[in-house]
Protein chains: 2
Amino acid sequence: MTETNEEYEVTQMPIWSAGEEWCGVTASMQLIGKKWHPVIISRLLKHGTLRFNQLQDEIGDITNKVLSDSLEDLQQKNLVARTVVNEKPVRVEYELTEQGKSLKPVIEALHKWGTTHVQPVTNDEDTLTQ
Amino acid sequence: MTETNEEYEVTQMPIWSAGEEWCGVTASMQLIGKKWHPVIISRLLKHGTLRFNQLQDEIGDITNKVLSDSLEDLQQKNLVARTVVNEKPVRVEYELTEQGKSLKPVIEALHKWGTTHVQPVTNDEDTLTQ
DNA sequence: AAACTTAGTTTCGTTACGAAACGCTAAAGT
DNA sequence: ACTTTAGCGTTTCGTAACGAAACTAAGTTT
């Protein structure tokens, strides 16, 4: 097909091109700036290792496709590792790499802000009490 | 725009519905989980007040449309305030609300992680143009 | 054989993001 | 009087990300 395994293609995209001032926030966003990445990482931080369906249950509202796509992206960015355990039925485990674990302070900051500055609306859709 | 408006209506979208376990990370993501939001907020944290073009220059790679859309979303979420100063030519200023300023620890965590765990690539791999 | 489990993939529709061009107001240059 | 410049966007159109729902595939249990 392709001469030199173009599938892999080291998609370490150019984080920042010349001239522009490089910024840590921008850099972080290139790696975890997708909708579900921080949530997935938070669950793996909490549980260490999770299987596909466990992860999905923990998150709650994510579809198969989006979880699958997100995990693929996270692997490709070396934040998550995927292991196939040969049992029957086959078991697939996801866990954070060291790089992924290093995101702990970021996730903690997100968690803290979310819990202290966003109130969960306790639903029933008519409580406009704040 | 400050008076009651049926179009406005939602005020605070349902962050989480009943049975699901609510999580601070998910909540945060609902508010700042867009590609450019953290970067925009970081610039406003740094400079206090910025005009449209200043903000665009500070960020570097964002288009008019996306910056405009993002700012609109941030206003709607009460993280950014927009002020029109009636000069000639008209001046429009953006700054963080108190709620927006409270994101400082989150942005700092992102900044720190980005600067310590992502290296700026300096365009190796193909050094043809630069 | 039918149903279930795990771990996804396929299809298709909607929303977010991007590039480039254009619009508007008003001053300033020629 | 025109053209250019500056500020602050909007319009148009194309691609990528996200989502809902159905489906696949290997093996297991009923």
Side-chain angles (χ1 to χ4, degrees), chain A residues 7 9 11 13-17 20 25-26 29-40 43-44 47 49-77 80-95, chain B residues 1 10 13-14 16-17 20 26 29-41 43-44 47 49-77 80-95:
Chain A
E7 293 245 300
E9 195 196 323
T11 326
M13 60 251 128
I15 295 284
W16 215 244
S17 21
E20 299 301 339
V25 179
T26 308
M29 282 299 111
Q30 301 256 0
L31 295 186
I32 58 166
K34 294 301 181 75
K35 181 162 184 180
W36 293 101
H37 286 195
V39 184
I40 292 169
R43 295 309 189 275
L44 293 175
H47 295 94
T49 293
L50 286 172
R51 295 153 68 175
F52 190 88
N53 287 335
Q54 288 178 323
L55 203 37
Q56 191 168 21
D57 291 346
E58 285 292 328
I59 294 171
D61 249 3
I62 195 171
T63 65
N64 298 346
K65 177 180 183 299
V66 176
L67 180 54
S68 181
D69 290 353
S70 301
L71 285 170
E72 217 174 287
D73 188 54
L74 286 166
Q75 287 168 68
Q76 191 254 311
K77 282 165 177 158
V80 163
R82 178 183 187 268
T83 312
V84 179
V85 180
N86 214 331
E87 286 182 351
K88 349 225 137 144
V90 81
R91 197 153 51 92
V92 180
E93 296 183 336
Y94 294 92
E95 61 188 326
Chain B
M1 192 174 274
V10 55
M13 61 253 126
W16 215 243
S17 23
E20 299 301 339
T26 307
M29 282 298 110
Q30 301 256 3
L31 295 186
I32 59 166
K34 296 298 181 76
K35 181 161 183 181
W36 293 101
H37 287 195
V39 184
I40 291 169
I41 292 164
R43 296 310 190 274
L44 293 174
H47 294 94
T49 294
L50 286 172
R51 296 152 67 175
F52 190 88
N53 287 334
Q54 288 178 323
L55 202 37
Q56 191 167 24
D57 290 347
E58 285 292 327
I59 294 171
D61 250 3
I62 195 172
T63 65
N64 298 345
K65 176 177 184 303
V66 176
L67 179 54
S68 181
D69 290 353
S70 302
L71 285 169
E72 216 175 287
D73 189 54
L74 286 166
Q75 288 168 67
Q76 191 254 310
K77 282 164 177 160
V80 163
R82 179 182 188 269
T83 313
V84 179
V85 180
N86 213 331
E87 284 182 352
K88 41 179 94 165
V90 81
R91 197 153 50 93
V92 180
E93 295 183 336
Y94 295 93
E95 62 187 326

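Residue numbering restarts at 1 for every chain, and letters A, B, ... go by the order of the sequence lines.
- Between the CG atom of B/Asn53 and the P atom of D/dT5 there is a distance of 16 Å, given to the nearest Å.
- In this entry the distance linking CD of B/Gln56 with P of D/dT10 reads 12 Å, nearest Å.
- For A/Ser68, the side-chain contact (heavy atoms from CB on, under 4.5 Å) partners at least two apart in sequence or on another chain are A/Phe52.
- Checked against side chain to side chain donor-acceptor pair (under 3.5 Å), A/Asp69 has the following partners two or more places apart in sequence or in another chain: A/Lys65.
- Counting to the nearest Å, the P atom of D/dA17 and the CD1 atom of A/Ile40 are 15 Å from each other.
- Using a 4.0 Å cut-off, no side-chain N or O of A/Tyr94 falls inside it from OP1 or OP2 of C/dT6.
- Distances from the side chain of A/Arg82 to the nucleotides C/dG18, C/dA7, D/dG9 place C/dA7 closest.
- By the salt bridge (Lys or Arg N to Asp or Glu O under 4.0 Å) test, B/Arg82 pairs with no residue at all, sequence neighbours left out.
- Put simply, B/Arg91 has no side-chain N or O that comes within less than 4.0 Å of OP1 or OP2 on C/dA26.
- Listed for the B/His47 side chain is a donor-acceptor partner under 3.5 Å among the backbone atoms of B/Arg43.
- The CD atom of B/Glu72 sits 7 Å away from the P atom of D/dT10 (whole-angstrom rounding).
- With sequence neighbours left out, A/Lys35 forms a side-chain contact (heavy atoms from CB on, under 4.5 Å) with no residue at all.
- In terms of phosphate contacts, A/Arg51 brings a side-chain nitrogen or oxygen within less than 4.0 Å of OP1 or OP2 of C/dA7.
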Can you tabulate the close N/O pairs, meaning under 3.5 Å, that link protein atoms to atoms of nucleotides 10-17 of chain C?
residue	atom	partner	partner atom	Å
C/dC17	OP1	B/Lys35	N	3.2

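- In this structure, the side chains of B/Leu55 and B/Leu44 come closer than 4.5 Å at one or more pairs of heavy atoms.
- Atom P of nucleotide C/dT6 and atom CD of A/Glu93 are separated by 14 Å, given to the nearest angstrom.
- We find that CG of A/Leu71 is positioned 14 Å from C1' of C/dT6, with the value rounded to whole Å.
- One interatomic measurement links the two molecules: CD1 of A/Ile62 to P of C/dA7, which rounds to 15 Å at whole-angstrom precision.
- Distance CG (B/Leu67) to P (C/dA20): 17 Å, rounded to an integer number of Å.
- OP1 or OP2 of C/dT9 sits under 4.0 Å from a side-chain N or O of A/Ser68.
- Under the rule for a side chain to side chain donor-acceptor pair (under 3.5 Å), the partners of B/Glu93 that lie at least two apart in sequence or sit in another chain are B/Arg91.
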